[in-house]
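Proteins come first, then strands; the chains are lettered A, B, ... in the order of their sequence lines, and each starts at number 1. Note: hydrogens, waters and symmetry copies are ignored here, and every other heavy atom, side chains too, is used.
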Amino acid sequence: MKKCDPKDFEERCLELLLKIPIGKVTTYKEIAHALGCRGYRAVGQSLNRNKKLISVPCHRVVKSNGEVGGYALGKNEKIGLLLQEGVLVDGGRISKWPLPMHRFSD
DNA sequence: GCTTTGACACTAA
DNA sequence: CTTAGTGCCAAAG
């Protein structure tokens, strides 16, 4: 089982996020899976380090259980952005279920 | 090169 | 529903 290249890892995460259409969200698990590894945490770590908030829609990444998860600027800000994207969020939780999770088919 | 940290995931009770 | 415990990967110290 080939491990993901450290250099590519961060770039992979950002690139995948760019693929997420507005109004949809993805989970750290899906991203990690798309990268071919289970480093759910490493994904968030890369985003937190990059935090290219405008260059990359990091706010579209949520937890697998439906919580919005965290955000470098604050979860409240993350929720606000999701609402602007059209994703209904309530009490730090995605109002809709199942999540409008975007699949990285390609 | 090992230890700690972190925007997580999953199972059991 | 909540709490506790374990596993996961990469970056930073």
Between A:Tyr71 (OH) and B:dG6 (P), how many Å, whole number?
-> 19 Å
Rounded to the nearest Å, what distance is computed from the CZ atom of residue A:Arg12 to the P atom of nucleotide C:dA10?
-> 13 Å
Would you say B:dC8 has OP1 or OP2 under 4.0 Å from some side-chain N or O of A:Ser64?
-> no
Provide the distance between the two C1' atoms, one in B:dG6 and one in C:dG7, to the nearest whole Å.
-> 14 Å
Tell whether A:Tyr28 reaches the base of B:dA7 with its side chain through a donor-acceptor pair below 3.5 angstrom.
-> yes
Separation of the P atoms in B:dA7 and C:dT6, to the nearest angstrom = 22 Å
Heavy atoms of A:Gly69 and A:Lys75 approach each other most closely as O-CB, 3.8 Å
Just how far, in rounded Å, is C1' of C:dT2 from CD of A:Glu67?
-> 12 Å
Taking CD1 from A:Ile31 and C1' from C:dC8, how many angstroms apart are they, rounded to a whole number?
-> 15 Å
Gap between atoms CG and C1', on A:Asn65 and B:dC8 respectively (whole Å) | 9 Å
Return the value, rounded to whole Å, for the distance between atom CG of A:Asn50 and atom P of B:dA7.
-> 14 Å
Residue whose nearest DNA chain B nucleotide is more 5′ - A:Gln45 or A:Lys63 = A:Gln45
State, to 0.1 Å, how close A:Leu35 and A:Phe9 come at their nearest heavy-atom pair, and which atoms those are.
-> CD1-CE1, 3.4 Å
B:dC10 phosphate, OP1 or OP2: any side-chain N/O from A:Lys29 under 4.0 angstrom?
-> yes
d(A:Leu16 CG, A:His33 NE2) to nearest 0.5 Å is 12.0 Å
DNA chain C: 5'-proximal contact among A:Arg93 and A:Ser46 (nearest heavy atom) = A:Arg93
With sugar-phosphate meaning primed atoms plus P, OP1 and OP2, does A:Arg41 contact a base, only sugar-phosphate, or nothing at under 4.0 Å between heavy atoms?
-> base
Which whole-number value in Å describes the distance from A:Glu10 CD to B:dG6 C1'?
-> 16 Å
Given atom CG of A:Leu81 and atom P of B:dA7, what is their separation to the nearest angstrom?
-> 17 Å
Show me, pair by pair, the donor-acceptor contacts under 3.5 angstrom made by side chains of residues 77-97 of chain A, not counting sequence neighbours?
| unit_1 | atom_1 | unit_2 | atom_2 | d |
| --- | --- | --- | --- | --- |
| A:Lys78 | NZ | A:Tyr28 | OH | 3.4 |
| A:Lys78 | NZ | A:Val61 | O | 2.3 |
| A:Lys78 | NZ | A:Val68 | O | 2.6 |
| A:Lys78 | NZ | A:Gly70 | O | 3.0 |
| A:Glu85 | OE1 | A:Arg60 | NE | 3.1 |
| A:Glu85 | OE1 | A:Arg60 | NH2 | 2.7 |
| A:Arg93 | NE | A:Asn65 | O | 3.2 |
| A:Arg93 | NH2 | A:Asn65 | O | 2.2 |
| A:Ser95 | OG | A:Leu88 | O | 3.4 |
| A:Ser95 | OG | A:Asp90 | N | 3.4 |

